[in-house]
Amino acid sequence: KRADTNFQKILGTLPDMLGIFTLGGALVSFSARCTSAMVDDGHGHGTGYAPGPGFIAYCCCWVAAVVRCSMHAIMPVPGAGVSCARALEWSSSGEALVMQ
């Protein structure tokens, strides 16, 4: 088995980070617009806000994305990705890369 590379770590971290920002932004935007659009019931009493199951489920997805991205970020790359670079070496003729 060969060690993982830093590029594969980035492929795991960047999409999760993008998901954190986009889903977080959507949650904040929806929550702000929803609560600001609430009107009085006509008798001077404000309406109450309670998050529904869909909003709560998306919040759980956001927390899972934060955990997943954190795990990708803090997980060390075995051998700092060095052994994968050593696995590819020039052939004796210098024409192609070969696996050892």
Side-chain angles (χ1 to χ4, degrees):
K1 297 233 175 193
R2 301 291 181 200
D4 202 1
T5 65
N6 292 326
F7 179 70
Q8 290 171 327
K9 182 174 182 172
I10 289 173
L11 285 179
T13 305
L14 286 181
D16 283 338
M17 193 176 301
L18 177 67
I20 287 170
F21 290 122
T22 57
L23 182 56
L27 289 171
V28 168
S29 175
F30 176 78
S31 180
R33 287 184 182 182
C34 183
T35 55
S36 67
M38 290 187 168
V39 296
D40 290 342
D41 63 358
H43 300 290
H45 302 292
T47 54
Y49 171 75
F55 187 81
I56 293 170
Y58 275 119
C59 288
C60 292
C61 289
W62 183 79
V63 169
V66 170
V67 170
R68 191 173 53 245
C69 184
S70 300
M71 289 298 161
H72 279 300
I74 66 172
M75 188 65 58
V77 177
V82 175
S83 61
C84 190
R86 280 191 219 139
L88 296 171
E89 293 182 3
W90 287 99
S91 65
S92 59
S93 63
E95 294 174 2
L97 294 172
V98 293
M99 294 293 290
Q100 287 189 351

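It should be emphasised that the depicted structure is a prediction, and the values quoted were computed from it without experimental measurement. In this chain, numbering begins with 1 at the start of the sequence shown. Every heavy atom of this structure was used, including side-chain atoms; hydrogens, water molecules and symmetry mates were not.
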**Prompt:** With the 4.5 Å side-chain cut-off for hydrophobic clustering, are F30 and V63 part of the same group?
**Reply:** yes

**Request:** Give, for atom CD1 of I56 and atom SG of C61, the distance between the pair rounded to the nearest 0.5 Å.
**Result:** 12.5 Å

**Prompt:** Among all residues two or more places apart in sequence or in another chain, which pass the side-chain contact (heavy atoms from CB on, under 4.5 Å) test with L27?
**Reply:** L23, F55, Y58, C59, W62

**Prompt:** Partners of M75 by side-chain contact (heavy atoms from CB on, under 4.5 Å), sequence neighbours excluded?
**Reply:** none

**Request:** Going by the side-chain contact (heavy atoms from CB on, under 4.5 Å) test, name the single residue among S70, C69, P15 that passes it with I20.
**Result:** C69

**Message:** How close do H72 and K9 get, counting heavy atoms only, and between which atoms?
**Reply:** O-CE, 3.0 Å

